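Predicted, not measured: the structure shown is a model, and the values here were computed from it. Below, chains carry the letters A, B, ... as their sequence lines are ordered, and counting in each starts from 1.
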Amino acid sequence: MSAFPGLDDPLITLSLLAIEPQLKGVLIAGPPGTGKSTIARAAKKLFPSDKPFVNIPLSCTLDRLVGGIDMERTAQAGKIVALPGLLAQAHGGVVYVDEINLLPQEILSSLTQALMLGYIRLEREGISQRFAAQFVLIGTYNPLEAELSASVTERVAFRVWTRTLSHLSWRIFLAAHRDSAKTIPIDVVQRVKKARQIYPQVQMHHDQLEKLCAMASNSGVEGNRAENFAYLCAKANAALHLRVPVTEQDLHLAMRLIFLSRLGSMPLPGEDELETNSKSQKSNRQQKAPDQVEQEAQQEAKNTKNQPKEPKDDEPLHDGLGKDQQAQAKKEPLEVSTEESGPIDIPKINTLTTNSRRMGKHLAGLNYRRGRFVRAVAGDPKKGKLDILASIKAALHAHPLHNNRDKTLPIRIKKEHFRIKQYRQQSGLLFLFAVDGSGSMAINNYGAAKGAALHLLQKAYIYRDQVAMMFFRRDRADVLLQPGSSLTKAYRILQRIPAGGRTPLSHAMMKCIQMAKKAQHTKEVAGVVLILFTDGRANQPLKPISEGQDRETMAMKELQPLCKELQKHLCAALVIDTKRLAYQNQKGKDIAHWLGAQYMYLPKATASDISKKLDSKINDWR
Amino acid sequence: MEPVRKHSFPFTAIVAQREMKRALVLNAIDPSIGGILIMGHRGTAKSTAVRSLAHLLPMSQQEDMKAEMLLNGQQLLVPLFDQNKKTHVPMVDLPLSATEDRVVGTLDIEAALTQGKKSFEPGLIARAHGGFLYIDEVNLLEDHLVDLLLDVAASGVNIVEREGLSVRHPARFVLVGTGNPEEGDLRPQLLDRFGLYTQVTTITEVAQRVELVQRNEAFAKDPARFVLQWAEKQNALKEKILQARKLLSGIELDELLLGKVVELCLMLKIDGHRGEITVLRAASALAAFDGRSKVNVGDVANVAVMSLRHRLRRDPMEEIDTGKKIENALKMIFPI
């Protein structure tokens, strides 16, 4: 139905959202230049013309988003007048965020809360008000830059992706029609309009609903929102096809768009070539082109029809391993359980000691310039930003007004009434563990890194530290644990690891640069600390090597500039050289030098070695 | 301003999630249990359950809430709210974006500007008095707000010394938090504040999922009608909670059983005394809910996991689920 093969899914989901806003939203992922933003902006045409379409910029402050004081009208009226934020302005319409994965955490969580509640509760600076804020969220992002937190992806119905169109004529067509007004065919707009009228009449049969719910149970999705979304999605699709009864086709679409997209992390189209045969079944399915997935979905739907499966109550959902992941764990011969490497020693701390209690009282990071607004304090306006309202309050307190019937404001604000804003800047650090998964020491290294990571996470709440873990092996580097401060999650994810293969150190350093940049951008942490475990033997360059070139030499050559670039984004680094013989090579030292890192030769590193080292340095880094 | 929707999804219409519902009801019967923390999968009706709880609880206090205020050297007693207007106990949302002055209260600038009067504008903590203070995504709450809450929750009094104001008022509320543990951990001192801790997981039974979708649909289509359909069940539960509240003061507790509860906490190496106190309070509330005047072993077994789960020492490398650990200890102390 669409004139755009590559944009099929985005266009379908946007149309469905324009029919049923309770689907909450769509996140469009894709590499740059694939028309994500173009279609997102053009989607305005699909929604009723009298509804707002609000764009939230990355630089948006919390005040702008949820609302604050209307200073001008407050002064005129003599009473506090609230200024609705962007979310309240979007009521009944659409909120659009470009590069939503780069939005700071506090902004994102306020946004998702409003999305779920349908209103904004404003409790800021003397205002206590509720604004209706029902909206559809359209977000775009490039997953190569940073992944999107599940707190957003799970709360909207759809996640779809765009890809680079390889067909020449389509590229020419797109280039010619880059004007956004033209990217949504007029017949689609008309169709959606009609569909909105039909939608209230659409009916789903009980058997069909049962089938959808069985699909939800069989695909092991988290939470019970997915089946609601699937139900609404199937109904909206029927309306889009100008039908009143829901058909098989609608169920298949819901299956594919809702349940399949929730099976694993977002796939990156075009990376199939990088996959090796030992990759799991699950990710193979995820890596398929959308049309293949469609077939698969139909196949899947058939299967469920032919042999209705009973939902298994004993399925260990609570440990976070879906069926697919379990299958993956069984099938992958190279997966090595860490249990085999013997117990991992973690230095235990009793979190309820008086010492940690005192440390829990969080006073670090207060300043007058940057961060999240905490409170207004007496101070010199030259030192920070003046808090006008708080200053007026202080002046009023000193000299109360009498009989202010004409509503003018003869307030005498003296020097001692000045209040300036106090902010808190994040003082947490991101500890980025990069572990060499090749060679004989891989399991030992991993165990040590895991132990140290969990050790850091036990105390992460004090400064809001974050930990991420990357594992490099074969011909790529994988981020096993995305930056975060949850011990529960880290423990679940780091239970099993893959090992063996060549060392793609360059690829790992590239990923480190990406993660460090994102951490800097969202300002969630004050700095990034890299802990690199390697034997120094980089033997897998990023660039393909031609005949006669030495793999290791080429790899080391491209590593130097990468390390130097990475150094710019780090506040500290630690290189743990795990080569077996001290005289083997000096490459670990070279890498440490390029990174400006501290070098340690620890062929048999243990978790407590690393933890002790980190603990002794941690206060210097903050 | 656009009106915000009036009806909230009825508590009794929430499908399955028994443990979560039970823990909420127990707190409604006896607020001194100390609140509840609900952690678990996303999209499992955590917030819905919490927000709908207040509608089950009629306002009991008739007295106006007053604050002590020091003004020009004089101690005054000023009324804050008219409590009679409320039909049910307050369930106050603490948004993550709240500022400190809105949480504790501040100088009423409107009164100061228009009437030249110095008065106190109560904050969220004052509004939650006698009811619930709810924090969604509690593990993401800013640290300075956590510090504030801990102080007030521990003392039951809100003391405001800011902007030249000097105010203190009672602030007793049940702290309710929800969140997903994968987004981050709670500070231990906040974790310890919550009386009960329940974990929720995704409903996987197909029949229940179907029921869930149908109820959601019915509510979305006609909220007023849906609420009416569930009114009978809501009233029955309301009545049961009220009866239980009356019974609560007369609940008997066997010396022997008390000893066993203490033994259980010792076996699990739980620091402090909050563990056994919570188990006993929750078990008493459960007995009252069942219309009994005597706590039995079953009551203790039913509430032990939710009362103790978050008080066990953290050992991230341990394979065994903390719930299982408590159940095993229960089996050893109460052999059948």
Side-chain angles (χ1 to χ4, degrees), chain A residues 22 62 66 78-80 91 109-110 113 118-119 121 123-126 128 130-132 151 154 209-210 213-214 216-217 222-225 227-228 231 311 315 317-318 344 346 350-352 357 360-362 372-375 393-394 396-397 400-404 454 461 485-489 491, chain B residues 1-5 41-45 47 93 95-102 106-107 109-110 112-114 116-118 121 124 136-137 140 142-144 147 163-164 180-189 201-206 209-210 212-213 216-217 220 271 313-317:
Chain A
Q22 282 307 310
L62 205 54
V66 302
K79 64 173 191 178
I80 296 207
H91 178 61
S109 58
S110 288
Q113 260 192 8
Y119 59 83
R121 171 112 242 174
E123 296 289 354
R124 295 176 69 77
E125 297 164 325
S128 174
R130 242 152 91 138
F131 296 103
S151 65
E154 193 272 333
L209 175 57
E210 223 162 55
C213 289
S217 288
E222 181 186 330
N224 295 101
R225 259 198 276 274
E227 55 262 39
N228 267 313
Y231 171 73
E315 208 140 280
L317 265 175
H318 52 87
I344 289 165
I346 295 195
N350 185 354
T351 48
L352 294 170
R357 242 174 226 284
K361 196 94 178 172
H362 197 136
R372 164 95 200 259
F373 171 68
V374 174
R375 60 177 76 86
K393 278 184 186 171
L396 280 173
H397 180 264
L401 303 171
H402 298 289
N403 256 339
N404 184 29
L454 294 175
Y461 66 90
S485 46
S486 168
L487 192 60
T488 322
K489 185 177 182 181
Y491 182 57
Chain B
M1 223 51 62
E2 290 269 357
V4 176
R5 66 168 171 217
H41 287 169
R42 302 176 185 92
T44 44
S47 310
D93 255 291
L96 292 179
S97 60
T99 53
E100 201 177 85
D101 58 347
R102 280 304 309 146
T106 181
L107 178 81
I109 192 161
E110 199 173 322
L113 285 175
T114 54
K117 215 173 79 181
K118 240 186 252 178
E121 190 188 320
L124 294 174
D136 191 13
E137 300 199 77
L140 301 181
E142 288 283 326
D143 290 308
H144 63 276
D147 291 340
E163 291 149 356
N180 183 302
E182 303 228 332
E183 313 246 319
D185 294 307
L186 255 73
R187 283 158 65 189
Q189 49 279 72
T201 51
T202 309
I203 300 170
T204 52
E205 202 179 301
V206 176
R209 292 188 112 131
V210 169
L212 195 143
V213 173
N216 276 338
E217 164 80 353
D271 294 314
R313 277 189 209 163
R314 298 206 281 184
D315 184 355
M317 296 309 284

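Listed for the B/Asp185 side chain is no donor-acceptor partner under 3.5 Å among the backbone atoms of A/Ser486. No donor-acceptor distance shorter than 3.5 angstrom exists from the side chain of B/Thr204 to the backbone of A/Ser217, with no hydrogens or angles considered. Using a distance-only test at 3.5 Å, with no hydrogens or angles considered, a donor-acceptor pair links the side chain of A/Asn224 to the main chain of B/Ile203.
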Walk me through it: do B/Asn216 and A/Arg225 pass the test side chain to side chain contact (heavy atoms under 4.5 Å, CB included)? CA-CA 10 Å; B/Asn216 276 338; A/Arg225 259 198 276 274; over 6 Å; no

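The shortest side-chain heavy-atom distance between A/Lys489 and B/Pro181 does not fall under the 4.5 Å cut-off.
In this structure, B/Thr44 OG1 and A/Glu222 CD are separated by 8.0 Å, a value rounded to the nearest 0.5 Å. Residue B/Leu212 holds its CG atom at 12.5 Å from OH of A/Tyr231, rounded to the nearest 0.5 Å. Going from atom CD of B/Glu137 over to atom OG of A/Ser151 covers 6.0 Å, rounded to the nearest 0.5 Å.
With salt bridges taken as basic N to acidic carboxylate O contacts below 4.0 Å, none links B/Arg42 and A/Glu154.
For A/Ala214 against B/Val206, the heavy-atom pair with the smallest separation is CA-CG2, 3.7 Å. Smallest separation of non-hydrogen atoms from A/Arg121 and B/Asp93: CD-CB, 4.2 Å. Taking all atoms of both residues into account, the shortest heavy-atom contact from B/Thr202 to A/Gly223 is OG1-N, 2.6 Å. The shortest non-hydrogen separation linking B/Pro95 to A/Gln113 is CA-OE1, 4.5 Å.
Both the backbone and the side chain of A/Glu227 come within contact range of chain B, each with at least one heavy atom under 4.5 Å from a heavy atom of that chain. With a threshold of 4.5 angstrom between heavy atoms, A/Leu209 approaches chain B through its backbone and through its side chain. At a 4.5 Å heavy-atom cutoff, the contact between B/Asp136 and chain A is made by backbone and side-chain atoms alike.
Note: A/Asn228 leads A/Val66, A/Leu62, A/Asn228 in heavy-atom pairs under 4.5 Å with chain B. Interface check for chain B: of the options A/Ser109, A/Ser110, A/Ala216, the most heavy-atom pairs under 4.5 Å are formed by A/Ala216.
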